[in-house]
Amino acid sequence: IIDVFTVIFDKFIVSLLYNNGGSRTKVYANRGDNITLPCRLEGQSSLFGNRIKWAKLEDDSSETNVLISMGAHKKTYGNFQNRVYLLEVDDNDATLVITDLDLNDYGTYRCEIINGMNDKIVEVDLELQGKDSLSFTGVVFPYSPRLGRYNLNFQDAETACLEQDAVVASFEQLYGEWRNGMDWCNAGWLNDGTVKYPITKPREPCGGVRTSAGLRNYGRQDKSNSRYDVFCFTASLKGRFYYLIQPKKLNFDEAVNTCKRDGAEIAKVGHIYAAWKLQGYDRCDAGWLADGSVRYPISRPRKNCSPTEAAVRFVGFPDKKQKLYGVYCYKPQP
């Protein structure tokens, strides 16, 4: 019954969007949280009950079904099975509950309610917890792959951030980081499909010396064909980040295996930034990370260790066969 209903339901979407418009809201949550996405039909309920569909909107304009409800019949889909349900405070409540939030859950959701009298569509943006308009708890970091700068379309950017235990940052998150002093002259994707970069010290190669400090804006870009770096955002560590002391330097494969033998995994770029920003982690030893880059976090600037500013220092993407570096590991909470 539910699968037939899916087909029937989709026929209503265009007319609902045209006739009723819709509302949009944002919800912020941390990984591992149980969260609610609000959706409610105002007015009198139908005698036949409400038909409800929740879907996650994808970047290619497709959608992934999350939950469909028609009276007593309910069905959940894919990775959402056994993790989502309707709150159902009353007959008009279509609020969705998602449990044990995962990085892949972040994005835009659409709630559609059809009852024959007061149909409604609501879109909810689910974003990683960590900010209000002026400040946030988390860290934004610029990212480019081994191929070098300006090699990511929007889909590549999303994948790159997820692979580094992060999500693509929002405008508000980048703005908050800029207010805290972030200065970066490479343009990167944000989660709304725009491209920007933060400048606190105006200079000729970065918009000119006569321009004011702020977020330089390239506007919306072609998500498939335009290529930039990306600004990623991570807000918490669900485990222990550490430098694994070894008697000798390691190549990349040795670094991966060394962390495994210690019951951990090689750390990701999001891990090192979160440990540095949120925990004050400081270590003046360059170490391998999972993407093949070598970095080290300095929260207390000193001679030979980022003397001018606190930062995660980037050594580069060296030849993985070189035995010149240590390794940073990450041990998730059990």
Side-chain angles (χ1 to χ4, degrees), residues 103 139-153 156-166 182-189 205 227-234 237-332:
L103 278 177
V139 57
V140 174
F141 60 93
Y143 188 79
S144 57
R146 177 180 286 273
L147 292 173
R149 64 188 291 234
Y150 296 172
N151 269 289
L152 302 172
N153 65 20
D156 295 334
E158 288 187 309
T159 300
C161 288
L162 283 173
E163 288 176 347
Q164 302 313 316
D165 200 54
M182 187 179 193
D183 184 278
W184 193 257
C185 200
N186 292 348
W189 291 102
R227 296 185 180 272
Y228 297 93
D229 293 347
V230 61
F231 290 100
C232 303
F233 177 80
T234 189
L237 279 175
K238 299 295 183 182
R240 175 180 168 234
F241 172 87
Y242 61 102
Y243 181 83
L244 185 56
I245 298 175
Q246 292 290 294
K248 61 180 182 178
K249 300 300 184 182
L250 309 167
N251 64 31
F252 179 76
D253 288 340
E254 290 171 337
V256 172
N257 291 328
T258 297
C259 288
K260 285 183 179 179
R261 287 196 298 271
D262 200 50
E265 62 188 53
I266 188 169
K268 300 176 180 179
V269 177
H271 296 150
I272 195 171
Y273 270 98
W276 165 72
K277 180 67 177 288
L278 305 179
Q279 299 177 355
Y281 195 94
D282 182 281
R283 183 92 193 187
C284 196
D285 291 291
W288 291 103
L289 295 176
D291 66 339
S293 67
V294 173
R295 307 173 197 246
Y296 60 99
I298 299 298
S299 59
R300 294 179 285 104
R302 54 200 183 276
K303 186 178 180 181
N304 299 326
C305 297
S306 188
T308 59
E309 62 179 349
V312 173
R313 286 303 185 189
F314 176 61
V315 176
F317 286 93
D319 185 334
K320 289 185 176 181
K321 295 180 181 179
Q322 291 183 348
K323 295 189 177 187
L324 297 176
Y325 308 103
V327 60
Y328 287 98
C329 302
Y330 178 72
K331 190 174 292 187

[atom2] on [Y] to [atom1] on [X], rounded to 0.5 Å:
X: L289; Y: C329; atom1: CG; atom2: SG; result: 10.0 Å
X: I266; Y: L244; atom1: CD1; atom2: CG; result: 10.5 Å
X: Q164; Y: F141; atom1: CD; atom2: CZ; result: 6.5 Å
X: F317; Y: L147; atom1: CZ; atom2: CG; result: 9.0 Å
X: L278; Y: T234; atom1: CG; atom2: OG1; result: 7.5 Å
X: Y143; Y: F314; atom1: OH; atom2: CZ; result: 8.0 Å

Grab the two heavy atoms, one from [X] and one from [Y], that are nearest each other, plus how far apart they are.
X: Y325; Y: G287; value: CB-CA, 4.4 Å
X: L103; Y: A166; value: CD1-N, 3.7 Å
X: Y281; Y: Y243; value: OH-N, 3.0 Å
X: K268; Y: E265; value: CE-OE2, 4.2 Å
X: P145; Y: N151; value: CG-CB, 4.3 Å

With a cut-off of 3.5 Å and sequence neighbours excluded, list every side-chain donor-acceptor pair involving residues 297-305.
| residue | atom | partner | partner atom | Å |
| --- | --- | --- | --- | --- |
| S299 | OG | G280 | O | 2.9 |
| R300 | NH2 | D282 | OD1 | 3.3 |
| R302 | NH1 | D282 | OD1 | 3.0 |
| R302 | NH1 | D282 | OD2 | 3.1 |
| R302 | NH1 | R300 | O | 2.6 |
| R302 | NH2 | D282 | OD1 | 2.8 |

Checklist entry - Taking the side chain from K331 and the backbone from D262, do they hold a donor-acceptor pair closer than 3.5 Å? => result yes
Contacts of type side-chain hydrogen bond (donor to acceptor under 3.5 Å, both in side chains), residue [X], not counting sequence neighbours:
X: N153; value: none
X: D285; value: R283
X: R149; value: N186
X: T258; value: R261

For [X], what residues pass the ring pair (Phe, Tyr, Trp, His ring centres under 6.0 Å) criterion, not counting sequence neighbours?
X: Y296; answer: none
X: Y228; answer: Y150, W189, Y218
X: Y242; answer: none

The complete set of salt bridge (Lys or Arg N to Asp or Glu O under 4.0 Å) pairs with one or both residues in residues 245-254, sequence neighbours excluded, reads E254-K323
Contacts of D291 meeting salt bridge (Lys or Arg N to Asp or Glu O under 4.0 Å) (sequence neighbours excluded), chain-then-number -> R295
Sequence neighbours excluded, the answer for side chain to side chain contact (heavy atoms under 4.5 Å, CB included) partners of P307 is none
Would a 4.5 Å heavy-atom cut-off, applied to side chains only, mark P318 and L324 as touching? no
- Name the orientation class of the two ring planes belonging to F252 and W288 (parallel below 30°, tilted from 30 to 60°, perpendicular beyond 60°). perpendicular
Residues pairing under side chain to side chain donor-acceptor pair (under 3.5 Å) where one sits in residues 308-321, two or more places apart or in two chains, turn out to be S306-R313
